[in-house]
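Working notes for the structure below.
Keep in mind it's a predicted model, so treat the numbers as computed, not measured.
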Amino acid sequence: MFSIKMRASKDDNGRSVHISGAEKIISEKQLDSCVNSLMERGLYHPKGNADFMNIKIERVKGDELEYLDALPVTTVEVKDRQEGHREIVRFLEEIAVPEPQKVLAVLKDTYAMRGAMLLDVNTLERLEPDGNRGIRATYMDQERSENVDLKLEKNHYEEAIVLATKVANCPGIVGEICISDDPDYVTGYVASKKTGYRRITKMKELGSENGGRIFLYNGKKEDVEKTIDYLQKKRVIVKGVKPLVTIQSAKLSDNQPVPDLNESSLSAINCERKNPMTVIENTLSDLKEKHLFRTMKSIESAQGSHILMNGKEYLLMASNSYLDITKHPHMLERCRAAIDKYGVGSGGSRLTTGNMDLHEELENKIAGFKGTEASIVFNTGYVANLAVISAIMKNGGVIFSDELNHASIIDGCRLSKAGCVVYKHNDMEDLERKIAENPCEFGLVVSDAVFSMDGDILKLPRFLEICRRNNLLSMIDEAHATGVIGATGHGISEHFHMSEKPDIMMGTLSKAIGGEGGYVAGSRLLIDYLRNTARGFIFSTSLSAVSVAADIAGIEIIEKEPELVQRLQHNVRYFCKKLQESGLNISSETAIIPVVIGDEKKAMDISEKLMEEGFFISAIRYPTVAKGSARLRVALMASHTEDELERAARLIAGMLEK
């Protein structure tokens with residue numbers, strides 16, 4: 001058996017901030033999948049992306065292991081954090097802690113600690129040797145079969161049961177209080193051998209990183225070292241983690257002893273499972289409280305610089321239709337002809353009955369536009385990234401991914417069987433360091449070309465040089481680059497005047513091109529491989545003829561009318577100039593111009609006020625961007641006029657001053 005531990009942290013102005021930690025005790029057969037799973041957890045965490053990660057593996061001898069039965073479990077449903085904290089006090093009273101309110105009051109002192117507070121319940125003296133680090137309960141896991149695949153998402157419940165069981169069986173410990181510091185997880189617990197493991201459904205507000213843990217000590221002062229030694233060094237395997245059972249809060253309100261939930265008595269207890277719809281309802285309520293709830297607006301006209309909603313006209317400054325060609329005469333003509341000839345539905349996947357000569361015409365058109373040997377079309381850009389990354393990296397290896405890459409890239413990395421290393425945003429020095437620190441026989445470096453929320457551009461020359469020198473595949477996502485940058489809108493290679501191309505050039509047909517779908521352009525070898533291995537291509541019904549015709553027409557319009565691209569680029573320069581003249585230090589080289597506000601509610605309020613003035617500019621919030629970096633995401637079109645841009649800049653600046 002082996003003990004494996006992961007600790008991940010990030011740099012915050014020279015201070016190391018803990019992000020994530022986990023551990024397992026596993027067989028040698030499970031090492032590979034477990035390492036990958038723990039790395040993924042540390043790299044993609046709601047608290048941020050890791051700058052440092054440590055994986056520690058130690059051999060464990062069989063006679064070192066202590067096997068414990070899992071604590072019996074109950075769940076207490078509460079409506080808010082205040083009620084949850086009252087349940088903590090009730091628990092402390094049940095286990096005869098002398099001053100429950102004072103114990104609850106020191107819980108806030110654990111929020112900044114990496115470990116747990118060790119608190120003497122009689123004197124309220126803190127007993128941990130290092131007050132900043134606290135006590136870490138380590139070397140523990142649940143009993144499982146060797147055949148279980150450990151490439152799993154974090155399971156708060158199972159991991160908490162394991163830890164609570166070890167702590168409850170530790171000499172000198174009479175109980176434990178725990179609130180997770182995960183901002184997406186509001187359930188906490190209290191636990192002891194007397195009460196079992198008691199989940200409390202709301203111990204904090206959604207989005208809060210305030211979490212901590214107290215180990216409640218009731219023993220002799222001279223025995224404290226034995227307690228700490230057990231918590232930090234004893235190897236423990238927990239047997240028989242039971243399914244969740246819910247007991248309503250009222251059942252525990254009379255200070256009655258909690259029933260023993262063993263196998264024979266479980267069915268006799270007056271208990272019920274959580275109502276799944278209640279869980280969903282509570283989640284939505286939390287989103288609304290945090291100003292993170294999303295709704296949709298119904299547009300009653302074509303996607304253009306001017307749109308209709310509820311019978312009122314708005315200036316649209318939030319669309320990715322950068323060239324405003326969705327109603328271009330050539331596009332409409334192409335689409336009508338395609339419907340007349342092919343009808344609407346395609347009837348099957350490309351590898352069965354769904355392949356039309358029109359699809360092949362589009363792929364040839366994309367390859368010519370991007371200057372590659374071949375291309376392949378997918379139903380959406382999101383599917384393209386998922387399918388391509390998972391197909392290329394299905395045999396393992398390492399992916400190096402920019403920390404601000406689009407969600408579809410992140411999800412493609414997660415879907416693959418590769419390890420994933422995140423490097424600092426557009427930081428080529430950090431990319432080189434991460435490559436040196438993570439040697440691999442096969443690897444991929446992937447980045448947005450234009451970053452969708454910040455609008456900045458990948459440093460392509462250095463990016464390609466690093467990939468080439470380290471013999472790594474290079475992949476870029478040109479969703480927001482094609483039709484936007486480069487003298488004639490051909491994208492990032494044209495922008496940098498480079499003939500060298502990335503190995504994998506992914507993009508979308510639904511933004512500046514004005515149609516629908518995603519694509520990958522590259523060598524014929526690459527495209528043949530994807531046709532035979534990319535599941536998002538193989539198992540999807542193909543795009544309809546009308547969508548494909550629109551895509552072809554969009555590329556033809558860009559090729560024949562480069563002045564559209566030049567007009568868009570002029571609008572970007574003009575709008576940034578007007579923002580700066582209004583006192584805002586904002587600039588961009590692309591059609592995406594972020595106006596960072598920070599507070600989610602303020603961003604929503606300003607977006608709504610702009611809507612009242614007839615300007616449709618979206619407020620972007622977590623999880624699309626990091627917490628505390630909510631923004632207005634201005635997206636320009638070639639068809640916006642200088643007068644419209646000047647009025648928008650003046651309005652935005654005025655609202656930010658208030």
Side-chain angles (χ1 to χ4, degrees), residues 291-292 297 299 303-309 312-324 404 425-426 448 450-457 480-481 483-485 489 495 511-512 563-622 624-658:
H291 309 288
L292 300 175
K297 295 179 172 65
I299 297 174
Q303 190 86 177
S305 58
H306 292 261
I307 58 169
L308 284 177
M309 291 193 304
K312 180 181 176 181
E313 184 176 305
Y314 293 85
L315 181 70
L316 181 60
M317 299 183 71
S319 172
N320 295 327
S321 183
Y322 301 119
L323 300 180
D324 195 3
L404 294 188
H425 174 53
N426 220 357
D448 281 357
V450 170
F451 291 87
S452 60
M453 290 299 125
D454 290 78
D456 54 333
I457 301 172
H480 299 275
V484 177
I485 61 174
H495 175 81
K511 294 181 172 51
E563 63 270 18
L564 288 173
V565 177
Q566 292 152 18
R567 197 179 306 151
L568 174 65
Q569 294 171 354
H570 166 78
N571 281 350
V572 170
R573 293 189 296 271
Y574 184 83
F575 185 65
C576 289
K577 177 185 174 185
K578 291 302 172 183
L579 287 172
Q580 292 160 11
E581 289 175 357
S582 299
L584 300 178
N585 184 24
I586 294 173
S587 62
S588 178
E589 293 183 87
T590 70
I592 299 166
I593 302 168
V595 181
V596 178
I597 294 170
D599 181 73
E600 279 77 14
K601 184 177 186 304
K602 185 176 180 181
M604 287 293 296
D605 289 344
I606 292 177
S607 177
E608 289 300 320
K609 289 176 183 176
L610 286 167
M611 190 73 73
E612 292 170 6
E613 297 291 334
F615 290 79
F616 189 152
I617 301 175
S618 297
I620 306 298
R621 299 155 289 157
Y622 175 82
T624 308
V625 294
K627 281 190 175 72
S629 65
R631 64 197 62 191
L632 301 177
R633 180 185 180 272
V634 180
L636 299 186
M637 291 184 178
S639 53
H640 287 135
T641 68
E642 289 186 355
D643 179 62
E644 290 166 347
L645 297 176
E646 185 173 1
R647 285 191 290 124
R650 197 164 54 242
L651 267 174
I652 291 169
M655 290 180 181
L656 286 175
E657 287 177 359
K658 294 178 181 178

What donor-acceptor contacts under 3.5 angstrom involve side-chain atoms of residues 578-586, with partners at least two apart or in another chain?
residue	atom	partner	partner atom	Å
K578	NZ	E581	OE1	3.1
Q580	NE2	I586	O	2.9
S582	OG	K578	O	2.9

May I have the list of side-chain donor-acceptor pairs in residues 590-599 shorter than 3.5 Å, sequence neighbours left out?
residue	atom	partner	partner atom	Å
T590	OG1	G455	O	2.7
T590	OG1	S588	OG	3.4
T590	OG1	I592	N	3.4
D599	OD2	K601	N	3.1
D599	OD2	K602	N	2.8

* Take L404 and D448 through the side chain to side chain contact (heavy atoms under 4.5 Å, CB included) test and state the conclusion after the steps. => CA-CA 8 Å; L404 294 188; D448 281 357; over 6 Å; no
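- N426 places a side-chain N or O within donor-acceptor distance of the main-chain N or O of I457, the cut-off being under 3.5 Å.
- Formation of a donor-acceptor pair under 3.5 Å by the R631 side chain with backbone atoms of S629 is found in this model.
- With sequence neighbours excluded, the residues that form a side chain to side chain donor-acceptor pair (under 3.5 Å) with S319 are Q303.
- Between H480 and R633, the shortest heavy-atom contact is CE1-NH2, 3.4 Å.
- Counting only distance, with no hydrogens or angles, the side chain of S607 and the backbone of I617 share a donor-acceptor pair below 3.5 Å.
- Inter-residue side-chain proximity for E589 and V450 is flagged as unmet; no heavy-atom pair is nearer than 4.5 Å.
- Atom CG of L316 and atom CZ of F615 lie 12.0 Å apart (nearest 0.5 Å).
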Check: residues 564-577 side-chain donor-acceptor pairs under 3.5 Å, at least two apart:
residue	atom	partner	partner atom	Å
Q569	NE2	V484	O	3.0
Q569	NE2	G486	O	2.9
H570	NE2	E642	OE2	2.8
N571	ND2	M637	O	2.9
N571	ND2	A638	O	3.4
N571	ND2	H640	O	3.1

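- Judged as a side chain to side chain donor-acceptor pair (under 3.5 Å), and not counting sequence neighbours, the contacts of T641 are E644.
- The line from CG of L651 to CG of L315 is 10.5 Å long, rounded to the nearest 0.5 Å.
- With sequence neighbours left out, M604 forms a side chain to side chain contact (heavy atoms under 4.5 Å, CB included) with A619, R621.
- For E313, the side chain to side chain donor-acceptor pair (under 3.5 Å) test picks out H306, with sequence neighbours left out.
- Scanning for salt bridge (Lys or Arg N to Asp or Glu O under 4.0 Å) contacts around E608 gives K297, with sequence neighbours left out.
- Within the model, atoms CD of E613 and NZ of K609 stand 10.5 Å from one another, a figure rounded to the nearest 0.5 Å.
- D456 is linked by a salt bridge (Lys or Arg N to Asp or Glu O under 4.0 Å) to nothing, counting only residues two or more places apart in sequence or in another chain.
- The closest side-chain heavy-atom distance from F616 to M317 is not below 4.5 Å.
- Every residue two or more places apart in sequence or in another chain that forms a side chain to side chain donor-acceptor pair (under 3.5 Å) with D324 is listed here: S639.
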